[in-house]
Amino acid sequence: MTRLFDRLDALPKLSVEERQLLESVVALTRDEIAPRAAEYDRVGEFPWGNVRDINALGLNAMFVPEAYGGAGLSYAAYLACVREISAACASTGIIWATNFHAIKPLIDFGTEEQKRRLLPRIAEGALAALAITEPSAGSDATGMTTRFTPDGDDILINGGKTFITNGDVADLYLLFGKWTELGDERNAISALILEKGTPGLTILRKEDKMGHRASSTAALAFEDCRVPRANLLGEPGGGLNLLLAALNKSRPSVAAHALGIARAAFDDAVAYVNERRQSGRRIVEFQGIQFLLADLATDLAMCEAWLWHVAALVDAGVADIGPEASMLKMRASDLAMRVATEAVQLHGGYGYIKEYRVERLMRDAKITQIWEGTNQVHRQLIGRSLIDRS
Ligand SMILES: Cc1cc2nc3c(=O)[nH]c(=O)nc-3n(C[C@H](O)[C@H](O)[C@H](O)COP(=O)(O)OP(=O)(O)OC[C@H]3O[C@@H](n4cnc5c(N)ncnc54)[C@H](O)[C@@H]3O)c2cc1C
């Protein structure tokens with residue numbers, strides 16, 4: 001079994017430098033991040049210690065191109081790091097991955113001036129947030145009501161966002177809203193970069209959550225919040241295309257995060273059933289337990305193989321990966337929830353006790369089926385891609 005997963009882990013074609021970095025991440029998660037995860041979860045505190053350690057390894061630099069102070073490593077290497085960190089501490093995994101989700105559109109669509117000005121800060125370890133969701137615009141983001149009003153060389157922002165990961169700690173926000181001159185339709189959606197501490201930006205509250213208790217999820221309000229027009233990303237009204245392109249890169253990333261949780265739950269389950277004895281036998285020897293583990297191992301292996309398939313597509317420069325990314329996000333997150341729930345079941349009563357990690361993994365797994373497009377939405381996207389439009 002171990003060999004099977006070792007071979008899968010060797011599947012992405014990483015350079016020597018990328019493998020070395022991944023080994024450093026494995027050591028960091030094993031020695032520092034995993035041992036702290038239960039306490040961060042218990043107190044619900046933002047894991048600044050983990051963020052400092054991640055930055056000490058220079059991890060943000062891996063997704064920033066070399067020309068702007070980064071290292072420009074592959075998407076596969078990035079996903080491997082997300083999975084590793086998330087297996088150790090799902091909160092820390094999503095905090096770091098959110099930096100990538102928010103900044104990738106700046107890398108792909110920003111002007112040279114914007115990239116020179118903003119990307120070195122990210123490479124050095126700044127935190128970022130991606131702000132799309134509003135109280136009445138979730139699954140259908142086109143219903144957003146945040147307004148961008150041009151005012152000379154500036155843009156005035158009015159409105160609000162909800163459920164924003166890193167929302168209270170971010171140095172930079174990638175913010176979506178509608179360009180007032182273009183009306184209220186989807187082609188009015190625009191994107192800009194908002195910097196921490198801009199007057200008119202208020203952090204309304206931090207949510208009290210079921211899982212991911214160490215990551216922060218904030219509601220934001222904007223009242224005549226003024227940003228220079230130089231921070232507009234793309235053209236006024238060009239935001240929807242940018243948003244869809246961004247989601248194609250962030251959805252495999254949240255899948256890697258979910259697979260980290262799934263792998264951790266699977267490892268704990270296998271270790272426990274090999275040790276726990278009932279009726280004079282290790283419980284792994286009962287065929288009912290073996291059949292369950294066989295199904296989980298098979299689905300986990302298939303899904304991980306698909307993760308590397310999607311990573312290879314992105315690294316090869318294939319842009320239109322919407323259905324593949326949706327399949328991956330949907331299956332990885334459903335699997336994370338299933339494996340975590342079964343891992344609790346296999347621990348019997350002990351699985352319900354906080355002393356065992358599977359209790360936290362089950363709470364952490366649930367949101368993966370909801371964010372970055374609920375799994376109902378992904379089923380729709382995959383289904384729609386099969387309609388013959390010729
Ligand atoms: C912890 C956390 C972190 C988050 N981080 C971020 C972030 O960093 N940035 C950000 O912008 N957002 C973030 N979100 C928001 C998240 O992406 C949304 O919650 C999600 O997209 C669902 O939107 P909603 O909550 O408004 O639910 P709704 O859209 O109201 O959905 C409610 C239910 O209806 C179903 N439904 C809706 N439409 C359809 C349909 N057409 N067909 C079938 N079923 C449908 C949904 O699947 C769901 O089951 C976060 C949320 C949480 C809880």
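Atoms within each ligand, like the ligands themselves, are counted from 1 in listed order.
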[atom]: nearest protein contact (heavy atom, Å):
{"atom": "atom 42 (N) of ligand 1", "result": "Gln380 NE2, 2.9 Å"}
{"atom": "atom 6 (C) of ligand 1", "result": "Phe163 O, 2.7 Å"}
{"atom": "atom 26 (O) of ligand 1", "result": "Gly138 CA, 3.2 Å"}
{"atom": "atom 44 (N) of ligand 1", "result": "Gln376 CB, 3.8 Å"}
{"atom": "atom 53 (C) of ligand 1", "result": "Ile367 CD1, 3.3 Å"}
{"atom": "atom 28 (P) of ligand 1", "result": "Ser139 OG, 3.7 Å"}
{"atom": "atom 8 (O) of ligand 1", "result": "Thr165 N, 3.0 Å"}
{"atom": "atom 22 (C) of ligand 1", "result": "Thr374 CG2, 3.8 Å"}

Residues Arg226 and Asp154 bridged, charged N to O under 4.0 Å: yes
Presence of salt bridge, Asp364 and Lys209, under 4.0 angstrom: no
Out of curiosity, is [X] lining ligand 1, as in a heavy atom under 4.0 Å away?
{"X": "Ile164", "answer": "yes"}
{"X": "Val377", "answer": "no"}
{"X": "Lys209", "answer": "yes"}

Exercise: do [X] and [Y] side chains pair donor with acceptor under 3.5 Å:
{"X": "His257", "Y": "Thr368", "answer": "no"}
{"X": "Tyr40", "Y": "Ser91", "answer": "no"}
{"X": "Asp168", "Y": "Ser216", "answer": "yes"}
{"X": "Asp334", "Y": "Gln369", "answer": "yes"}
{"X": "Tyr350", "Y": "Glu359", "answer": "no"}
{"X": "Glu223", "Y": "Thr202", "answer": "no"}
{"X": "Asn50", "Y": "Trp96", "answer": "no"}

Among Tyr173, Phe176, Trp371, closest by any non-hydrogen atom to atom 2 (C) of ligand 1: Trp371
Nearest option to atom 10 (C) of ligand 1, as decided by whichever heavy atom of Ile94, Thr133, Asp140, Asn375 sits closest: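 Comparing heavy atoms across Ile94, Thr133, Asp140, Asn375, the nearest one to atom 10 (C) of ligand 1 lies in Thr133.
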N/O separation below 3.5 Å, Ile132 to ligand 1: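 There is such a contact, yes.
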Non-hydrogen side-chain atoms of Phe176 and Met144 separated by less than 4.5 Å: yes
Any non-hydrogen protein atom less than 4.0 Å away from [atom]:
{"atom": "atom 40 (C) of ligand 1", "value": "yes"}
{"atom": "atom 30 (O) of ligand 1", "value": "no"}
{"atom": "atom 33 (C) of ligand 1", "value": "no"}

